[in-house]
Amino acid sequence: QVQLVESGGGLVQPGGSLWLSCAASGSIFSINAMGWYRQAPGKERELVATITSGGITNYADSVKDRFSIFRDNAKITVYLRMNSLKPEDTAVYFCNADWLVTTDYISLYDFWGQGTQVTVSS
């Protein structure tokens with residue numbers, strides 16, 4: 001069974017930092033782009049950052065210069081380093097794989113993790 005498992009969320013004060021991790025597990029042959037999205041209460045899910053298998057990154061304007069996305073292809077893990085956190089960063093953060101291929105060569109599109117809560121509050 002293929003899974004994306006997020007970890008690293010929690011409560012942090014404004015101006016603080018957090019690391020999020022998303023590890024892919026199961027019979028995975030390859031993943032194209034991986035990324036982080038977030039959903040705040042009462043709002044739609046939005047892009048935070050993505051990274052391709054070749055390391056090309058893309059960030060939402062709201063997090064540029066504060067967040068960094070990294071990827072370890074050998075471990076099939078993507079990380080999000082969040083600095084200078086603001087209360088408006090409070091949300092459930094979801095890991096995403098846009099195109100995942102299993103070892104049985106089955107393609108899974110728009111594959112999601114369960115999410116991890118990030119709360120920025122004093």
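Taken from OG1 in Thr57 to CZ in Phe70, the straight-line distance is 9.5 Å, to the nearest 0.5 Å. Note: Asn58 CG to Leu47 CG = 5.5 Å, rounded to the nearest 0.5 Å. Here the OG atom belonging to Ser30 is positioned 6.5 Å from the CH2 atom belonging to Trp99, to the nearest 0.5 angstrom. Taking CZ of Arg38 as the reference point, atom CD of Gln117 lies at 12.0 Å (rounded to 0.5 Å). The line from CE of Met34 to OH of Tyr79 is 10.0 Å long, rounded to the nearest 0.5 Å.
Linking ILVMFWY side-chain heavy atoms closer than 4.5 Å, directly or via other members, places Ile69 and Phe67 in a single hydrophobic cluster. The same ILVMFWY cluster, assembled from side-chain heavy atoms under 4.5 Å apart, contains both Val120 and Trp36. Under the 4.5 Å side-chain heavy-atom criterion for grouping Ile, Leu, Val, Met, Phe, Trp and Tyr, Ile51 is connected to Ile76 within one hydrophobic cluster. Under the 4.5 Å side-chain contact rule for hydrophobic residues, Ile28 and Leu4 share a cluster. Both Ile31 and Tyr93 are part of a single hydrophobic cluster, where members link through side-chain heavy atoms under 4.5 Å apart.
For Arg81, there are no salt bridge (Lys or Arg N to Asp or Glu O under 4.0 Å) partners two or more places apart in sequence or in a different chain.
Listed for the Arg45 side chain is no donor-acceptor partner under 3.5 Å among the backbone atoms of Gln39. The main-chain N or O of Lys75 is found under 3.5 Å from a side-chain atom of Thr77 such that the two form a donor-acceptor pair. Panel note: side chain Asn96, backbone Tyr37; no donor-acceptor pair is recorded below 3.5 Å. A donor-acceptor pair is defined here as one N or O able to donate and one able to accept, closer than 3.5 Å; such a pair exists between the side chain of Glu6 and the backbone of Gln114. Without hydrogens or angle criteria, Asp104 side chain to Ile106 main chain gives no donor-acceptor distance under 3.5 Å.
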CA sep, side-chain torsions, deciding dist, call: Gln1, Ser25, side-chain contact (heavy atoms from CB on, under 4.5 Å): CA-CA 8 Å; Gln1 183 177 359; Ser25 64; over 6 Å; no
Could you go through the side-chain contact (heavy atoms from CB on, under 4.5 Å) check for Cys95 and Val78 one step at a time? CA-CA 8 Å; Cys95 180; Val78 63; 3.9 Å; yes
For Thr90 and Val118, run side-chain contact (heavy atoms from CB on, under 4.5 Å): C-alpha distance rounded to whole Å, both residues' side-chain angles, the deciding distance at 0.1 Å, then the answer. CA-CA 5 Å; Thr90 295; Val118 172; 5.9 Å; no
Trace of the side-chain contact (heavy atoms from CB on, under 4.5 Å) decision for Val2 with Leu100: CA-CA 9 Å; Val2 175; Leu100 183 156; 3.6 Å; yes
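Taking a 6.0 Å sphere around CD of Glu88, one finds it holds more than 12 heavy atoms contributed by other residues, nucleotides or ligands. Atom CG of Asp65 is surrounded by 12 or fewer heavy atoms from other residues, nucleotides or ligands within 6.0 Å.
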Under 3.5 Å, side-chain donor or acceptor atoms of residues 10-20 against the rest of the protein: list the pairs with distances, not counting sequence neighbours.
residue: Ser17; atom: OG; partner: Asn83; partner atom: OD1; Å: 3.0

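In summary, Lys86 and Asp89 do not engage in a salt bridge, as defined by a charged side-chain N under 4.0 Å from a carboxylate O.
Side-chain contact between Val92 and Thr116: absent, with no pair of heavy atoms (C-beta onward) separated by less than 4.5 Å.
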